[in-house]
Amino acid sequence: MFKSKYLERVFTECLRKNAGEIEFIQAVREFFEAIDLIVDADPEIERLGIIERMVEPERLISFRVPWVDDAGFVRVNRGYRVQFNSAIGPYKGGTRFDVSVNQSIIKFLAFEQTFKNALTGLPLGGGKGGADFDPVNKSEGEIMRFCQSYMAELYRHLGANIDIPAGDLGVGAREVGFLFGYYRKLTNEFTGTFTGKGLSYGGSMLRPEATGYGLCYFAAEMLSNLKGEDLKGKRIIISGSGNVGSNAAVKAKKLGATIVGMSDISGMIASDKGLDVDFVKKLKNERKMLSEYSLLNDCDFSADYRDLWKVQADIAFPCATQNEINLEDARNIVKSGVTMVCEGANMPCTEEAIDYFRARKILFAPGKAANAGGVSTSGLEMSQNSQHLRWSEVEVDAKLKEIMKGIYHNCYRTSVRVGQPGDLVIGANIAGFIRVYEAMKAQGII
Ligand code: NDP
Ligand code: 2IT
């Protein structure tokens, strides 16, 4: 499967050790396919066991999270924190609460985070956490008690220079507040050990918007560099309308695009004339569904969120969850006229879908590059916290824009250097790999 015998051997071992961890193996395979182009050229990589070490988390914490529901019954969930790689900085990455969460999903997210964080140019290692807790239909009291129980175990593994969590799917400002509050109580210290905090207690301007905004800055730079175009007049479809999706919609509209379709679990909404994205954001902030949008506005609605991929458009931003776009969806996307796909979510396209886009010369940006604006701004929040300073929105936005442009050009330059110009999957993986490899090599066998 791989040209490199070394990679082939490590992959076989990885399959054996991580049997059944579908998402983790998928993320590793994509990474290996890219670095296959360069690994054999440097025998030090094999001699130092760099790849074996890169696919083995430095530490994996799994723990019981008991909590009491509103009816007085005790419920038990499983919590995780995967501290994957700290070669270039303290572990950094989000926290996901979703029924689907398992060890494989948190490991794939932490693995990808390592290389994403390397691409930002900031001193951030890779980690991720979460729990198989379903926040849907839970009262605020239940959410708070769950967060406190989760933190009662996890706090001992965190620290401003050790491991700094943030939000992710199912974990927004409210949950970060509960998690950070309990961390602060348990440790009796106020440090920047969480990002995505509220503005009143150490959060950064623009952190909530940063992943979606960063995605638009990345897409704009990519369009300009590869096609001499910008987002003005482009029709965009966006899956998911949570933190990433709704903020990408707002920024893309500001940059002159028309958002012609969006989705959530309740279905998809579409309009040729463009959706009212501010209203979508308002509805989602009130924890309402897009099905409600369709009752109040003139638009098409389908209860099947996959129908989003049949809406005529120029660009697709998948911003919901892993493997949301399969081969059939990819076919629909290309049939609908889309010529560029930028991943706002982590690994939203299956391997078959990416191969299909590649074969049809669809411009494609992988999540570990395109959605790095969130963690980059988390890095900026850490800098502000450690200096006890607050930067203005203009300052943070300018830094975010620069970082996203830098990530794009690093990925593009790398793709050219390895003879695959414009293949950003290859560019992102190799550029991220090189930074982590150099740091690991310099620090000895640990
Ligand atoms: P949120 O929980 O804020 O939003 C997720 C959205 O996706 C919700 O609107 C949800 O619907 C919808 N959704 C979930 N599954 C599906 C599906 N199969 N089809 C259509 N819609 C679906 O999460 P985030 O926006 O924070 O995260 C989204 C993705 O972006 C994840 O992959 C995450 O890992 C990634 N990401 C997040 C970052 C961040 O800073 N938050 C940074 C980088 C990446 P409903 O509203 O009905 O629940
Ligand atoms: O996937 C991601 O990059 C995030 N959820 C954001 C992580 C962070 O630490 O801000």
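Numbering of ligands and ligand atoms starts at 1, following listing order.
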| Ring center gap for Y183 and Y155 short of 6.0 angstrom | no
| said: Yes or no: does G94 have any heavy atom under 4.0 Å from an atom of ligand 1? | reply: no
| said: Please compare L169, I265, N243, L283 and report which has the shortest non-hydrogen distance to atom 16 (C) of ligand 1. | reply: I265
| message | Taking a cutoff of less than 4.0 Å between a non-hydrogen atom of the residue and any ligand atom, is M268 in contact with ligand 1? | response | no
| message | Any atom of ligand 1 sitting under 4.0 Å from a heavy atom of R96? | response | yes
| query | For the atom pair CG (L154) and CG (D163), what is the distance rounded to the nearest 0.5 Å? | reply | 7.0 Å
| Residue pair V280, I269: steps toward the side chain to side chain contact (heavy atoms under 4.5 Å, CB included) verdict | CA-CA 10 Å; V280 167; I269 53 174; 4.2 Å; yes
| At a non-hydrogen distance cut-off of under 4.0 Å, which region of M262 contacts ligand 1 (side chain, backbone, both, or neither)? | neither
| note | The single option from F178, F73, Y150, F133 that satisfies ring pair (Phe, Tyr, Trp, His ring centres under 6.0 Å) with W67 is F133
| remark: So for M289 against ligand 1, with non-hydrogen atoms under 4.0 Å, the contacting part is side chain
| message | Heavy-atom pairs closer than 4.0 Å: do any link ligand 1 to the side chain of A320, the backbone, both, or neither? | response | both
Pairs of donor and acceptor atoms involving the side chains of residues 218-225, under 3.5 Å and at least two apart or interchain, shall be tabulated with distances.
from, atom 1, to, atom 2, distance (Å)
E221, OE2, H409, NE2, 2.7
N225, OD1, Y408, OH, 2.7

| request: With atom 8 (C) of ligand 1 as the reference point, say which of S246, A248, G242, S291 has the nearest heavy atom. | output: G242
| task | Using a strict cut-off of under 4.0 Å between a residue heavy atom and any atom of ligand 2, list the qualifying protein residues by chain and number. | result | K92, G93, G94, Q113, K116, K128, A166, G167, D168, R207, N346, G374, V375, S378
| query | In terms of ring plane angle, is the pair Y213 and Y217 parallel, tilted or perpendicular, where the classes change at 30° and 60°? | reply | perpendicular
| task | Check if S239 has a non-hydrogen atom at a distance under 4.0 Å from any atom of ligand 1. | result | no
| said: How far is atom 37 (C) of ligand 1 from the closest protein heavy atom, and which atom is that? | reply: V244 CG2, 3.4 Å
| message | Side chain, backbone, both or neither: which applies to C319 and ligand 1 if a contact is any heavy-atom pair less than 4.0 Å apart? | response | backbone
